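Here is the structure we will look at, set down as structure tokens.
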Amino acid sequence: MEINKKIAEALNSVRERNPLVHHITNYVTVNDCANITLALGGSPVMADDINEVCDMVSLASAFVINIGTLNSRTVEAMIEGGKRANDLNIPVILDPVGAGATAYRTEVAKRIIGEVKLAVVRGNLSEVKTLYGIEVQTKGVDSGEIIDGNADEFTIAKEIAKDFANKLDAVVAITGAVDIITDGNTLYTAHNGHKIMAKITGTGCMCTSIIGSYLGSVDNKLLAALAGITSMSIAGEVAYDNLDKTKEGTGTLKSKIIDAIYNLDDKVIIERGKINEE
Amino acid sequence: MEINKKIAEALNSVRERNPLVHHITNYVTVNDCANITLALGGSPVMADDINEVCDMVSLASAFVINIGTLNSRTVEAMIEGGKRANDLNIPVILDPVGAGATAYRTEVAKRIIGEVKLAVVRGNLSEVKTLYGIEVQTKGVDSGEIIDGNADEFTIAKEIAKDFANKLDAVVAITGAVDIITDGNTLYTAHNGHKIMAKITGTGCMCTSIIGSYLGSVDNKLLAALAGITSMSIAGEVAYDNLDKTKEGTGTLKSKIIDAIYNLDDKVIIERGKINEE
Amino acid sequence: MEINKKIAEALNSVRERNPLVHHITNYVTVNDCANITLALGGSPVMADDINEVCDMVSLASAFVINIGTLNSRTVEAMIEGGKRANDLNIPVILDPVGAGATAYRTEVAKRIIGEVKLAVVRGNLSEVKTLYGIEVQTKGVDSGEIIDGNADEFTIAKEIAKDFANKLDAVVAITGAVDIITDGNTLYTAHNGHKIMAKITGTGCMCTSIIGSYLGSVDNKLLAALAGITSMSIAGEVAYDNLDKTKEGTGTLKSKIIDAIYNLDDKVIIERGKINEE
């Protein structure tokens with residue numbers, strides 16, 4: 001319960017500080033990322049031209065790099081923006097969308113990790129394994145593997161996350177049916193969310209953007225990652241509860257997830273948050 | 001009625017197989033294309049960098065090429081990806097958005113047809129006529145002509161579709177108030193849908209993406225095209241039926257179309273499908 | 001009241017003429033811009049490749065330039081398209097998103113103003129001040145300053161708008177809590193809207209697109225700007241009124257704004273329009 005209160009405080013901090021969160025992200029989910037950032041209380045900006053990325057990063061409280069639809073032009077902007085953010089102590093979060101699916105995507109994600117100091121990496125199990133250096137079978141941008149919270153896989157995933165977090169000196173977050181969030185020392189598992197969220201594109205990207213807003217508001221990257229993941233997962237639950245299952249589906253659900261982030265408050269977080277420290 | 005049952009079976013096949021559908025598409029409607037693919041039961045991926053398009057196509061069960069916001073960078077990726085798909089016998093569907101509106105767009109669409117073997121082409125009457133080689137007057141990306149199911153135009157459209165399908169050895173689908181779907185031999189007309197769908201951007205693009213999911217799941221391109229068009233048109237009808245006309249409009253309708261695809265089942269298809277074989 | 005009637009007539013004109021509105025715009029809000037254009041009664045087209053932009057502009061009744069996610073490739077297309085529009089007497093509207101936030105963005109916006117004759121410029125106070133030549137502090141793409149309708153700032157803003165409109169021989173519209181619309185001679189203040197609209201990305205972009213549709217339908221750029229701003233602001237009010245505040249938020253609100261534009265009619269405009277001529 002104590003951790004839920006800290007998340008609730010972090011949410012209040014986002015709403016007071018209204019952090020500017022710069023994004024270089026994909027064109028599939030960019031609108032939802034912008035709207036969920038606003039709904040949480042942040043202020044999103046998206047700019048990817050090399051001529052302005054450093055200036056825009058300089059204004060921001062956090063920088064989100066999402067490689068969902070990377071191309072050679074935007075990759076350079078990601079790197080340059082990331083370096084500038086590092087110079088200015090602005091936290092950077094990487095969403096390595098689809099790492100492992102193609103050699104190019106894996107190489108770009110590894111290059112970013114090599115050249116930019118990250119505060120947080122958030123991905124699914126396949127993506128994180130790929131970056132950690134384990135070969136995986138992926139299917140496009142969706143994980144080929146599920147963390148179900150019971151299997152040996154889960155134990156291994158936690159070990160990978162911890163070791164990778166220590167190597168990067170960053171928070172590593174692996175999201176799935178159960179989420180793993182660790183700074184290499186403390187490890188949380190988070191148990192909110194609903195499986196229907198995987199039937200909407202961009203719930204991962206939106207989660208990353210939300211973590212970006214928390215990173216821009218609280219001086220604790222582990223709490224920021226945990227707060228972001230828990231906020232998004234609770235929003236999925238609330239949205240699903242509010243769905244008229246007889247005729248509504250994933251189209252309406254997407255709007256309701258943004259609604260739930262907009263209406264998120266202390267009470268909902270404290271009542272619903274299911275987090276274990278291990 | 002027999003054909004409706006086959007479409008219902010094809011839908012079940014999509015849901016069992018969860019085909020990966022690679023897209024190079026436009027940035028206007030890309031989010032809706034991804035979400036409707038997920039709602040149907042497919043798994044969308046969008047990647048357009050020349051460095052990874054062939055790798056991504058290799059993982060896919062179908063490849064969607066949509067030229068809605070083409071540019072010189074993505075056109076090369078479309079061609080390279082299409083050739084790789086051909087090598088691997090992965091079906092390719094082309095949506096020649098706006099062909100005829102500008103010389104460049106027409107030329108690119110013709111180049112794709114010349115260099116990539118297509119399984120399906122889906123467009124409106126102006127677009128298909130343009131590709132077939134008849135000069136048309138178009139207005140932007142919307143057809144200047146309507147198939148209303150009665151005029152001589154309709155008879156001509158059916159002839160063009162058949163002849164073009166034979167020339168391409170592909171399925172040609174012309175969508176409008178009445179839809180024409182043919183492999184050059186069998187020709188179906190499909191009579192579902194609602195005219196309000198034209199007031200939402202991307203209903204054509206979403207239809208193409210849905211056909212992509214069917215192409216990735218059933219080994220029958222004519223059935224895939226027919227199933228895709230009928231699914232989308234029925235979803236439009238269901239969504240419109242569920243609309244509160246006193247205060248809701250096209251904003252809510254878009255979400256409800258995705259909802260209707262998510263909730264689509266055998267019963268709805270069999271009850272609502274209006275298909276004639278000619 | 002007289003002006004509300006003129007706006008209602010302008011709306012009817014959009015619905016009769018169905019103007020093609022060409023856009024070069026950002027990938028964050030492009031889908032919403034297309035859908036709101038359709039909802040109002042226009043026909044949107046988005047194409048930004050230099051190989052086709054002039055051909056596409058030639059077909060259009062108005063041209064919208066929005067620099068929200070500009071890059072070196074699209075900037076050239078904006079300029080070329082704008083010049084072609086000028087040659088053909090097609091009205092051009094500029095949305096200088098984020099001007100002032102980065103040097104590159106300011107420079108591009110000024111270059112467009114220098115090389116393209118504009119019918120309308122619509123921005124927030126920071127953006128317009130920047131283009132006018134006053135140094136401002138901005139925060140990303142959101143204005144750092146609010147027009148609240150009372151302060152001295154408001155008087156200054158009106159002076160800037162008038163002087164800038166005279167210099168450009170264009171309509172200048174500054175949107176905020178109160179909107180200022182002037183051709184340098186007549187000046188209107190518009191008082192519709194709801195502050196929650198700022199919590200949705202793209203309400204400014206959508207407003208610009210709507211003005212584009214009016215520009216393509218009525219031969220009066222001042223009326224077009226006023227009609228666009230008033231339509232968008234009233235839609236925000238209606239959408240907010242239709243929101244179930246106990247569980248709905250900004251996700252649903254966005255759909256309801258498009259719904260409200262779709263359902264906008266004479267009666268709503270005449271009842272709700274709050275415009276003063278000063």
Side-chain angles (χ1 to χ4, degrees), chain B residues 25-35 46 67-75 97-109 137-144 196-203 205-206 239 243-259, chain C residues 18-61 69 71 73-74 77 206 235 238-239 241-243 251-264:
Chain B
T25 189
N26 68 76
Y27 54 78
V28 183
T29 66
V30 59
N31 183 264
D32 297 324
C33 289
N35 275 321
M46 279 74 182
I67 66 167
T69 54
L70 79 179
N71 63 56
S72 49
R73 184 180 69 75
T74 54
V75 167
V97 184
T102 69
Y104 180 62
R105 212 164 264 255
T106 303
E107 176 203 305
V108 166
Q137 286 206 309
T138 69
K139 186 184 158 187
V141 295
D142 293 318
S143 173
I196 198 175
M197 296 170 78
K199 303 294 277 183
I200 299 172
T201 194
T203 47
C205 303
M206 287 187 255
L243 207 64
D244 175 354
K245 280 87 180 175
T246 61
K247 55 184 181 179
E248 291 177 339
T250 48
T252 298
L253 188 70
K254 189 181 81 170
S255 297
K256 286 189 184 295
I257 288 174
I258 295 171
D259 290 349
Chain C
N18 184 227
L20 185 72
V21 183
H22 183 47
H23 290 70
I24 298 184
T25 187
N26 69 78
Y27 54 79
V28 183
T29 66
V30 59
N31 183 264
D32 297 325
C33 289
N35 274 321
I36 211 152
T37 299
L38 283 163
L40 188 76
S43 185
V45 63
M46 279 74 182
D48 62 24
D49 193 89
I50 195 86
N51 290 303
E52 67 169 351
V53 66
C54 287
D55 285 355
M56 202 64 97
V57 162
S58 305
L59 300 170
S61 299
T69 55
N71 64 56
R73 184 180 69 75
T74 53
M206 287 186 255
V238 171
D241 287 352
N242 286 337
L243 207 65
T252 298
L253 187 70
K254 189 181 82 170
S255 297
K256 287 189 184 296
I257 288 174
I258 295 172
D259 290 349
I261 290 290
Y262 182 79
N263 289 318
L264 194 66

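Per chain, numbering begins at 1; letters A, B, ... match sequence-line order. This one's a predicted model, so the numbers in the text were calculated from it and none came from an experiment.
- When side chains are defined from C-beta on, D49(C) counts as touching Y104(B), because their heavy atoms get closer than 4.5 Å.
- Taking every heavy atom of both residues into account, M46(C) and V28(B) meet most closely at CB-CG2, 3.8 Å.
- The part of I196(B) that comes within reach of chain C is its side chain, from C-beta onward, which places non-hydrogen atoms under 4.5 angstrom from that chain.
- Chosen from N51(C), D48(C), I258(C), the residue pairing most often with chain B at heavy-atom distances under 4.5 Å is N51(C).
- Distance OG1/T69(B) to NE2/H23(C): 14.0 Å, rounded to 0.5 Å.
- Using a 4.5 Å cut-off between heavy atoms, N31(C) touches chain B through backbone and side chain atoms alike.
- Contact of L70(B) with chain C is made through backbone and side chain together, with heavy-atom distances under 4.5 Å.
- In terms of heavy-atom pairs under 4.5 Å with chain C, the best-connected choice from G202(B), S255(B), G251(B), A103(B) is G251(B).
- Once rounded to the nearest 0.5 Å, the distance linking OH of Y262(C) with OG1 of T252(B) reads 12.0 Å.
- Both the backbone and the side chain of T250(B) come within contact range of chain C, each with at least one heavy atom under 4.5 Å from a heavy atom of that chain.
- Each of I36(C), L38(C), V45(C) was compared with T201(B) under the side-chain contact (heavy atoms from CB on, under 4.5 Å) criterion, and only L38(C) meets it.
- Here the CE atom belonging to M56(C) is positioned 4.0 Å from the CZ atom belonging to R105(B), to the nearest 0.5 angstrom.
- Applying the ring pair (Phe, Tyr, Trp, His ring centres under 6.0 Å) rule to H22(C) yields the partners F63(C); only residues at least two apart in sequence or on another chain are considered.
- Here E248(B) contributes atom CD and N242(C) contributes atom CG; the two are 8.5 Å apart, rounded to the nearest 0.5 Å.
- A distance of 12.0 Å separates NZ of K245(B) from CG of D259(C), quoted to the nearest 0.5 Å.
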